[in-house]
Structure formats: structure tokens, C-alpha cells
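Okay, so here's the structure we're looking at.
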Amino acid sequence: MEGIQHKTVSVNGINMHIAEKGEGPLILFLHGFPELWYSWRNQINGLAALGYRALAPDLRGYGGTDAPDSVADYTCCHVVGDLIALLDTVAPQEKEDKVFVVGHDWGAIIAWYLCLFRPDRVKALYNLSVPFIPYDPRFKPVETWKAFYGKDHYIVRFQEPGVMEAEFAEIGVGRAVLELLSYRVPDPLYLPKGNLFGQPLDSPVNLPPWLSEKDADYYATQFQITGITGALNYYRNFDRNWELSAPWWKSQIKVPVKFAMGDLDLVYTMPGMKDYIHNGGFNRDVPFLEEALVINGVSHWIHQEIPDQINQLLFDFFSKFH
């Protein structure tokens with residue numbers, strides 16, 4: 001896209017692709033699954049035009065960034081380590097000790113970990129779609145999801161290395177990614193073997209209005225080149241991340257935060273989520289949370305669905321800090 005610069009930097013033992021545009025205070029954008037730096041295309045252009053340096057990496061395992069072979073190389077500690085090394089490269093502490101951060105989906109999860117582990121590097125956080133879920137020794141993540149939703153729930157199905165890769169390959173990984181990006185209902189996502197998305201393979205994917213054919217081609221082509229194993233490996237570390245988070249039990253997120261999600265987001269309808277967001281739990285765990293905004297009629301892909309509104313929310317929040 002016009003004016004967006006691309007480069008590869010060496011961070012934490014891997015080569016990371018980044019896209020950036022603009023000059024001014026740095027905003028680090030962290031994408032989710034199954035996305036890429038490209039999911040922030042509207043925010044990069046919008047915030048750069050408003051006086052910010054907008055920077056979005058492909059996280060490890062995605063796009064132009066290296067994808068280590070081992071599942072164990074995709075923990076929260078590895079990914080936060082990548083981001084700290086990235087910041088040390090593109091925004092050295094002697095020049096810019098703290099940066100703005102925006103995360104969505106898995107990028108939001110990683111952003112919470114970044115704020116938990118290294119609050120000294122975060123000026124303010126605006127997270128989308130996934131609220132902070134603190135460590136709880138009583139609930140191991142994957143078995144908890146399986147108990148709630150059963151064995152066909154997507155998080156459960158993603159656990160066994162190689163299984164979903166093979167099933168996605170049967171329908172084409174590019175098509176699988178577009179089916180996932182087009183999921184826009186508030187119900188749990190189930191992927192039963194042999195009928196993954198319930199759509200005939202001889203019909204085109206029903207793309208949402210905010211995803212153009214050009215956008216779809218970019219996503220599909222990138223994942224056809226790289227495969228989807230690196231992206232799935234984040235899910236395969238849910239339990240490992242839970243174990244690694246034990247030292248931070250009852251810790252709080254102590255940076256300025258705002259949060260937004262759509263009321264049609266499947267995360268919003270997870271058991272207990274509405275109560276946690278609206279009845280004090282979220283504020284207890286994130287004491288500097290200024291707002292938890294739920295936007296009517298908007299799905300999980302909030303920053304792509306209503307980019308202008310999200311850009312304005314980001315600008316209004318971050319402009320208070322400089």
C-alpha cells in the first residue's frame with residue numbers, strides 16, 4: 001500500500017518483517033489469528049496521517065517473519081521477547097522509552113502479556129476483542145474449553161500438531177483462512193472433521209463487506225506460501241502460557257488502558273465474559289482501565305469492519321499522553 005515501508009529486522013534470534021509509516025510517537029500494532037500486519041492497513045495509514053509512527057510486524061510464525069519449527073518456541077515469553085527486541089531496534093529506550101500499543105485477538109493477548117511482563121515499555125494500551133484474562137490455578141485453559149464446548153471447538157481442534165494443517169490443506173489453506181476471516185456471528189466456532197465450515201467447496205467464500213477481493217487475495221496468498229502451522233502454534237501454547245504465568249497470579253495490568261469489542265464478537269458471548277467485563281472483574285484486574293466499550297452490530301474483526309471509528313478512538317486516547 002502506498003507509503004508503507006517494509007523491512008526485515010533481526011530480533012530475539014529470528015528475522016521479523018515489519019511494515020511502518022509516518023513520523024512521531026510510535027504505535028506498535030499487534031495482529032491476531034489468522035491475520036498479518038496487513039490487518040492494520042487502515043490504522044497504519046490513518047494514524048500516520050495524524051502524526052504517529054505506525055508500525056505493525058508479522059508476529060513470529062506469520063507472513064514474512066521466521067517460523068521456528070518447535071511448538072515450544074511460540075510461548076508468550078518468546079513473542080514478548082521478540083517485541084522487546086524489536087522496540088530496542090526501532091525505538092531505543094534512550095530515544096523513546098515507552099510506546100503506544102494496540103492489539104487484536106492473539107495480538108491483544110500478547111499485548112496483555114507485554115504489559116504484565118514489561119510495563120516499563122508501554123505508554124498506553126488500546127486493546128480490541130480480547131480482555132485481560134488473568135492466571136487462575138483452578139482452570140487449565142484447554143481442558144476448560146473442552147468441558148464447555150466439546151471436542152469440535154476450534155481451540156480444542158487446533159491442539160494436535162499436524163491435524164488441522166492436513167484438514168485445512170484438503171480444502172486449501174487459503175480458503176480456510178478466508179472462511180475464518182469471514183466468521184462474523186457471536187456463536188462458538190466449531191470445526192467438525194469432514195465438514196469444517198459447512199460450505200460446499202465449489203462455491204466461493206462469502207466475504208464480509210469490509211474484506212475486498214484484493215484483501216482476500218493477499219491473505220490467501222501469504223498463507224499459501226507460509227502455511228498455517230506457525231499461527232496454530234500459538235493455540236498449542238495456551239496451557240504452557242498458563243503455566244508460565246503462575247508467578248504473576250493476582251498481578252494487575254498497571255498501564256493506562258482502553259478496550260473495545262463488538263457485541264457480535266464470539267469472545268463477548270463466551271461463558272462469564274459479559275459479567276467479567278461489565279460487573280467489576282475487568283476493572284479489578286486492570287485498575288487503570290478507562291473504558292470498556294462494546295459496539296453494537298460489530299463482529300470480531302472490529303478494526304477492519306469499522307476502521308475510521310477505531311482510528312478516531314485510538315487518536316482520542318493516545319493524544320492525551322503527549
Side-chain angles (χ1 to χ4, degrees), residues 29-35 39-40 42-43 101-113 115-116 125-136 139 141-142 144-150 152-158 179-191 197-198 206 208-211 234-235 238 241-242 253 257-314 317:
F29 290 95
L30 305 177
H31 69 78
F33 171 91
E35 298 175 281
S39 72
W40 298 112
N42 296 306
Q43 284 70 46
V101 179
V102 182
H104 170 257
D105 186 79
W106 260 104
I109 296 173
I110 296 302
W112 293 123
Y113 280 124
C115 293
L116 192 63
L125 168 68
Y126 207 122
N127 251 352
L128 303 171
S129 296
V130 181
F132 179 57
I133 307 299
Y135 170 83
D136 189 325
F139 301 112
V142 176
T144 301
W145 276 305
K146 189 173 183 180
F148 270 118
Y149 296 116
D152 286 339
H153 187 255
Y154 76 103
I155 291 175
V156 180
R157 293 276 279 132
F158 285 174
E179 291 278 13
L180 291 164
L181 290 172
S182 300
Y183 191 82
R184 51 193 189 275
V185 295
D187 304 319
L189 173 60
Y190 294 103
L191 297 174
F197 298 102
N206 183 23
W210 60 88
L211 199 65
Y234 285 72
Y235 291 90
F238 259 128
N241 290 343
W242 174 79
I253 299 294
V257 174
K258 282 194 174 186
F259 176 80
M261 71 189 314
D263 70 336
L264 301 181
D265 193 320
L266 76 169
V267 177
Y268 188 54
T269 58
M270 286 182 173
M273 189 63 72
K274 293 179 183 178
D275 180 69
Y276 176 73
I277 291 172
H278 298 298
N279 293 328
F282 199 6
N283 286 94
R284 177 196 64 226
D285 297 327
V286 186
F288 302 131
L289 178 67
E290 297 187 17
E291 181 179 47
L293 181 64
V294 178
I295 302 174
N296 292 333
V298 176
S299 76
H300 183 68
W301 316 103
I302 183 170
H303 58 307
Q304 299 188 75
E305 187 170 352
I306 50 169
D308 293 341
Q309 186 173 346
I310 294 301
N311 289 355
Q312 190 63 52
L313 289 171
L314 298 179
F317 183 41

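- Note: His153 NE2 to Phe158 CZ = 9.5 Å, rounded to the nearest 0.5 Å.
- Residue Leu180 comes nearest to Trp301 through the heavy atom pair O-CZ2, 3.1 Å, listed as atom of the first residue, atom of the second, then distance.
- Looking at Phe259 and Asn127, their side chains come closer than 4.5 Å, going by heavy atoms from C-beta outward.
- The CD1 atom of Ile133 sits 8.5 Å away from atom CD1 of Ile109, with the distance rounded to the nearest 0.5 Å.
- Contact check for Trp210 versus Ser299: side-chain heavy atoms found under the 4.5 Å cut-off.
- Remark: Asp187 engages Tyr183, Val185 in a side-chain contact (heavy atoms from CB on, under 4.5 Å) (not counting sequence neighbours).
- A heavy-atom distance below 4.5 Å is found between the side chains of His278 and Val294.
- Here CD1 of Ile295 is found 6.0 Å from CG of Leu313. Values are rounded to the nearest 0.5 Å.
- Between Tyr235 and Phe33, the ring-plane angle classifies as perpendicular under the 30° and 60° cut-offs.
- Annotation: side chain of Trp145 is not in contact with side chain of Pro188 (no heavy-atom distance under 4.5 Å).
- Not a single donor-acceptor pair under 3.5 Å links the side chain of Trp40 to the backbone N or O of His303.
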Would you please test Gln304 and His104 for side chain to side chain donor-acceptor pair (under 3.5 Å) and show each step? CA-CA 11 Å; Gln304 299 188 75; His104 170 257; over 6 Å; no

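- Proximity of a side-chain donor or acceptor of Ser39 to a complementary backbone N or O of His31 within less than 3.5 Å is not detected.
- Considering only heavy atoms from C-beta on, Pro131 comes within 4.5 Å of Val267 through its side chain.
- Aromatic pair Phe238/Trp106: ring centres closer than 6.0 Å.
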